[in-house]
Structures are given as C-alpha cells and as structure tokens.
Amino acid sequence: MQLKNFKNRLIISQEKKPELKYSFQPGITELEIDKIELLLDKKIPKQTIEFWKSFNGIKIENPDLEIHKIQDWILTNDNLIHFATFDKNNKIYFNTNEINSANQWSIITKINNYTLTLSMGSFWSNKIWHWIDYKTVIWKDKYWEL
C-alpha cells in the first residue's frame, strides 16, 4: 500500500467500524529530519522518513495504537527507538543497531526481542491493518492465525 492510500483506508475502516477514532499530525520537513538525525547521531532509513513526512504521529482508538511524533523519539542505551505503542502498553521499537537486509531498521518488541518486520513499508501496509481490522496481536509468530 502506498502512503497516499493510508488515510483513505482509515476512512474506510471507520465506515465499517464507527467506534474506530483516529487523528494524525501533518508530516515533518526535511529540516526537522536533519535535526532529528543530528540529535540521534543516526541516518534514518528512507521508508521511515517517507512515513513521517506524511504523518508525524497518529493516534487511533478502538483498537488503541499510537505512532509517536518523531520529536518524541528517544534513543535508548541499547540503540532502540520506541516509536509506536499498541493497546496502551505494547511498545514497538526500531532496532538502530544495524541496517538489515531490507536496507532499513528492523521493527521489534522487547518481548523475546521479537522482530515484527524488516521494513517500515510492511509495518504501515500490513501489520497495522491486522491490528486495526482484527485486533490481532502482531508481536508473535503466526499472528495471522485467528
């Protein structure tokens, strides 16, 4: 799914599930990206930048999901960035220790150091929707099996 279709899919999901509520902040600029990269002392992968240029933070209710504003990112001592929270307490991180085989940061949870996906594109076009549409716990193996 292309990012330009992300908002439309939220609208369609809300039509099917009126209890679903969402809001998002406008995307960030290149200047803001440069500032964050300097603060983190990390080069942010292209797909990750693409997402935050479109949406600098998303809040969804029923089911709960928050994708944090880039200005709220904090690099932990183990080089992880908490960027999303599912169901108010399931934290999702970028593993910035290395660039993976998809040329991006892996997306993980600290629960068993589980890797949700290797790419931000997969996260926004696939993983998020399993949560929104089915409230599927995506931070475990075979999450698609209901």
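Position 1 is the first residue of the sequence; numbering continues from there.
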Qualifying residues under salt bridge (Lys or Arg N to Asp or Glu O under 4.0 Å), relative to [X], sequence neighbours excluded:
X     : answer
Asp64 : Lys88
Lys69 : none
Glu61 : none
Glu19 : none

Check whether any side-chain heavy atom of [X] sits under 4.5 Å from a side-chain heavy atom of [Y], and report yes or no.
X     : Y     : result
Gln71 : Ile28 : yes
Glu37 : Ile49 : yes
Ile33 : Lys53 : yes
Phe51 : Phe83 : no

Given the rule in the side chain to side chain contact (heavy atoms under 4.5 Å, CB included) test, do His82 and Asp72 qualify, once you have shown the distances and angles that lead to the verdict?
CA-CA 9 Å; His82 171 217; Asp72 296 336; over 6 Å; no
Parallel, tilted or perpendicular for Trp73 and Trp52, by the 30°/60° rule?
perpendicular
Can you find a side-chain donor-acceptor pair between Asn95 and Ser106 that sits under 3.5 Å?
no
Side chain to side chain contact (heavy atoms under 4.5 Å, CB included) assessment of Ile81 paired with Trp105
CA-CA 10 Å; Ile81 296 172; Trp105 292 329; 4.1 Å; yes
[X] with [Y], same ILVMFWY side-chain cluster at under 4.5 Å:
X     : Y      : answer
Ile36 : Ile99  : yes
Ile92 : Ile74  : no
Phe94 : Leu118 : no

Between Lys110 and Asp78, does a side chain to side chain contact (heavy atoms under 4.5 Å, CB included) hold up when you go through it step by step?
CA-CA 11 Å; Lys110 285 188 176 182; Asp78 48 356; 4.0 Å; yes
Thr48 backbone acceptor or donor facing Gln104 side chain under 3.5 Å:
no
Any donor and acceptor pair, going by atom type alone, linking the side chain of Gln14 with main-chain N or O of Leu20 inside 3.5 Å?
yes
Validation row, ring centre Phe6 to ring centre Trp129 under 6.0 Å:
yes
Could you list all the ring pair (Phe, Tyr, Trp, His ring centres under 6.0 Å) pairs where at least one residue sits in residues 9-42, not counting sequence neighbours?
Phe24-Phe55
Would you check, one step at a time, whether the test side chain to side chain contact (heavy atoms under 4.5 Å, CB included) holds for Ile132 with Leu10?
CA-CA 9 Å; Ile132 292 172; Leu10 275 174; 4.1 Å; yes
Separation of Leu65 CG from Thr85 OG1 (nearest 0.5 Å):
8.5 Å
Applying the side-chain contact (heavy atoms from CB on, under 4.5 Å) criterion to Trp139, which one of Ile107, Thr109, Ile108 satisfies it?
Thr109
Kindly state each residue pair satisfying salt bridge (charged side-chain N to carboxylate O under 4.0 Å, His left out) with at least one member in residues 130-139, sequence neighbours excluded.
Arg9-Asp133, Asp87-Lys135
